[in-house]
Student: 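Below you will find the structure I want to go over with you.
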Amino acid sequence: MAGRIERVVPGRPAEEALARAIARIKGADRLRAFFVVVGPPMVALSLRQVLAGGGAYAGVRFGTLRRLISGFSAGDETLSERSPLTAVA
């Protein structure tokens with residue numbers, strides 16, 4: 001699994017760059033799974049609407065960094081027995 005992290009200034013140019021990056025990475029596999037890390041949930045909602053309008057939405061999930069990390073540890077029984085180092089908000 002490869003990843004790419006790119007911080008951007010919110011706005012139309014960032015939305016267009018994200019749509020281009022998703023299309024380029026997906027290539028011929030239009031249903032390829034894709035996870036986009038966002039800050040507040042409202043950003044995810046806005047991006048879903050923008051991407052759906054351009055046809056680049058299938059297989060794209062949005063969430064916070066915490067959600068992405070919890071997905072990696074979901075199947076690990078040794079991690080599920082541990083408590084977090086800090087309180088979960």
Student: Return the minimal non-hydrogen interatomic distance between F35 and F62, and the atom names on each side.
Tutor: CZ-C, 4.2 Å
Student: Return all side-chain donor-acceptor pairs below 3.5 angstrom for residues 38-54, not counting sequence neighbours, or 'none' if the list is empty.
Tutor:
none

Student: For K26 and V60, work out which heavy atoms get closest and say how close.
Tutor: NZ-CG2, 3.8 Å
Student: Going by the rule salt bridge (Lys or Arg N to Asp or Glu O under 4.0 Å), which residues pair with R24 if we only count those two or more places apart in sequence or in a different chain?
Tutor: none
Student: For residues 10-23, please give each side-chain donor-acceptor pair under 3.5 Å, one per line with the distance, not counting sequence neighbours.
Tutor:
unit_1	atom_1	unit_2	atom_2	d
R12	NH1	E15	OE1	3.2

